Amino acid sequence: MSIESLRGQGRPLIESVRAREVLDSRGNPTVAVAVATSFGAVEEAMVPSGASTGAHEAVGKRDGDKKRYNGKGVLQAVGAVNEIIGPALEGLDATSQREIDRTLIELDGTPNKANLGANALLGVSLAVARAAAISLGVPLYRYLGGPSAATLPVPMMNVINGGKHAEGALQFQECMIVPVGAATIADAVRCGAEIFHTLGKMLHDAGHQTLVGDEGGYAPKLDSIDEALALLVQTIEKAGYRPGTEVAIALDAASTEFYRDGTYWPHKPDDHPFDAAQMVALYDGLCKNYPIVSIEDGLAEDDWEGWQLLTKTLGARVQLVGDDLFVTNVERLQRGIREGSGNAILVKVNQIGTLTETLDAVETAHKAGYRAVISHRSGETEDTTISDLAVATGAGQIKTGSLARSDRTAKYNRLMAIAEELGASTARYPGRSAFAALTRA
Ligand SMILES: C=C(OP(=O)(O)O)C(=O)O
Ligand SMILES: [Mg+2]
């Protein structure tokens, strides 16, 4: 028997691929895909969706039929999986993820995956990986990351929601707490929950409403980012932690959302406009006054020049994360690396649409000395694949919302389960070192 004929033997083959429509955390429809293998494994993945989406993201397919889910139905994407993608993958080795993702990209045939839909492709790509892992009897993080998958991520927990994720609140989209002083992921989660509840009480006592936004953080009507940050520092102290040393702060300005005609409007729509240099000065001031370790989308998605200035000014001291700027896209990331824009990438699986392209983005970042932060979307599901992905890639950081709403806590709970499975002597929690500058290759 030749080596060729042996290839594939003993491997789990894809027997069926089935998609269906399910609800996400905003009550909008999204795609769920189940993959069955010849080893008897059946695993499902669900696709998230963003609200402050970047212009350069891969495009998920929505039906546009106003009579179903106000035009947001995903039956076309479901049909693409059941009628086109599934039949093309049946019989393939489920462990050949790179070949499968290439097939998905070719079947779609467009640069932004608008033809079959990035939601259709991603659901299949993730479900294949999940089914392959279960078929081989290994957890997903180990299947994807091998023996080096032992680093739990430091979470950036979004406790104050603004921008597009909460009505009438701050322009800045996310104010996050970062438990850099915790010893384990379980300690980090407990610390986050304690601060979250303390914040709720402080907001209530100050007469603010304590309803939560899309990512489970509070959404008080605060006048300025300064007010939000001062409140966070006070809350961290009140909860019994030292701001900066034990719990740091991270921001996602999501500034593309308040960028119009070449200027930024970081305060209120009727306040005065800022140019990029003024925005950089604003961040410089905030970083001097508050223990900020990370700023995401400080400038807009196509303001490459502004990003260079931001990086020159703050890049040695602060993590500068490109979300809408890089959209988990290797080509855009490579431009940023060449030009010195940012020093970290936010990694969202549905921005690019396949697992291997996501892994390539993380690898490209790490090789260039950029950090990678694995991230949820504002519209999520109970799917916890990103928790495994964070451990598999050794990214060291995750952004997955607040300590309320089960679409967010599912990710934290999965991380704690992974840590327990690895065991205390194996699981690493990098703490502050997750934010130390990587050496450039
Ligand atoms: C998670 C985010 O929000 P969305 O999913 O709405 O893009 C983000 O901007 O980082
Ligand atoms: Mg963002």
Side-chain angles (χ1 to χ4, degrees), residues 24-28 30 46-60 62 72 118-119 122 153 155-167 169-176 178 212-217 219 225 249-259 264 266 283 292 294-303 307 310 319-329 332-333 336 341-342 344-353 358 361 371-381 383 385-387 389-390 395 397-402 405 407-408 411:
D24 73 12
S25 57
R26 279 192 279 250
N28 291 323
T30 188
M46 292 181 186
V47 176
S49 71
S52 61
T53 45
H56 306 286
E57 293 191 20
V59 176
R62 300 269 174 196
K72 291 184 175 148
N119 44 358
L122 181 68
M156 301 200 227
M157 299 156 149
N158 183 10
V159 291
I160 299 181
N161 292 192
K164 273 216 163 161
H165 295 170
E167 212 155 286
L170 280 179
Q171 288 282 75
F172 279 61
Q173 186 177 277
E174 302 173 22
C175 294
M176 296 171 277
V178 192
V212 296
D214 283 359
E215 297 185 351
I225 184 65
I249 291 175
L251 296 176
D252 179 4
S255 68
T256 305
E257 300 297 333
F258 55 79
Y259 183 68
Y264 295 88
Y283 294 126
I292 295 170
S294 180
I295 300 173
E296 178 184 326
D297 281 357
L299 295 172
E301 62 195 355
D302 287 313
D303 189 0
W307 270 93
L310 176 68
Q319 176 170 275
L320 302 167
V321 188
D323 171 10
D324 291 352
L325 179 73
F326 294 141
V327 289
T328 317
N329 180 310
R332 287 185 69 88
L333 173 61
S341 298
I345 180 175
L346 199 77
V347 176
K348 292 167 162 171
V349 281
N350 79 323
Q351 278 184 330
I352 192 68
T358 306
R371 292 267 174 205
V373 183
I374 308 300
S375 173
H376 65 163
R377 297 307 306 243
S378 51
E380 268 294 334
T381 70
D383 188 292
T385 303
I386 62 164
S387 299
L389 187 60
Q397 296 180 44
I398 194 167
K399 195 176 94 149
T400 191
S402 180
R405 294 187 66 128
D407 38 300
R408 315 294 146 178
K411 277 65 164 179

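This chain uses plain numbering: 1 for the first residue, then up along the sequence. Start at 1 and go down the list; that is how both ligands and their atoms are numbered. Only heavy atoms go into these numbers, but all of them, side chains included; no hydrogens, no water, no symmetry mates. Everything numeric in this text was worked out from a predicted model, so none of it was measured.
The N, O or S atom of Asp252 with the smallest distance to the Mg ion (ligand 2) is OD2. When the N, O or S atoms of Glu296 are ranked by distance to the Mg ion (ligand 2), OE2 comes first. Of all the N, O or S atoms in Asp323, the one closest to the Mg ion (ligand 2) is OD2.
Checking Asp297 against the Mg ion (ligand 2), every N/O/S atom stays at or beyond the 2.8 Å cut-off.
No option in Asp323, Thr53, Thr358 other than Asp323 meets the side-chain hydrogen bond (donor to acceptor under 3.5 Å, both in side chains) test with Gln351.
Near ligand 1, heavy-atom contacts under 4.0 Å come from Gly50, Ala51, Ser52, His165, Gln173, Glu174, Glu215, Asp252, Glu296, Asp323, Leu346, Lys348, His376, Arg377, Ser378, Lys399.
Taking a cutoff of 4.0 Å between a charged side-chain nitrogen and a carboxylate oxygen, Glu174 and Lys399 qualify as a salt bridge.
Using cut-offs of 30° and 60° on the angle between ring planes, the pair Phe326 and Trp307 is tilted.
Checked against ring-ring contact (aromatic ring centres under 6.0 Å, His included), Tyr283 has no partners two or more places apart in sequence or in another chain.
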In sequence, state the C-alpha distance, the side-chain angles, and the governing distance for Asn350 and Asn119, and then conclude on side chain to side chain contact (heavy atoms under 4.5 Å, CB included).
CA-CA 7 Å; Asn350 79 323; Asn119 44 358; over 6 Å; no
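You'll find the side chain of Ser387 reaches within 4.5 Å of the side chain of Lys411, heavy atoms only.
Between the side chains of Asp383 and Thr385, a donor-acceptor pair is found at a separation under 3.5 Å. Counting only N and O atoms by type, the side chains of Asp252 and Gln173 include a donor and acceptor under 3.5 Å apart.
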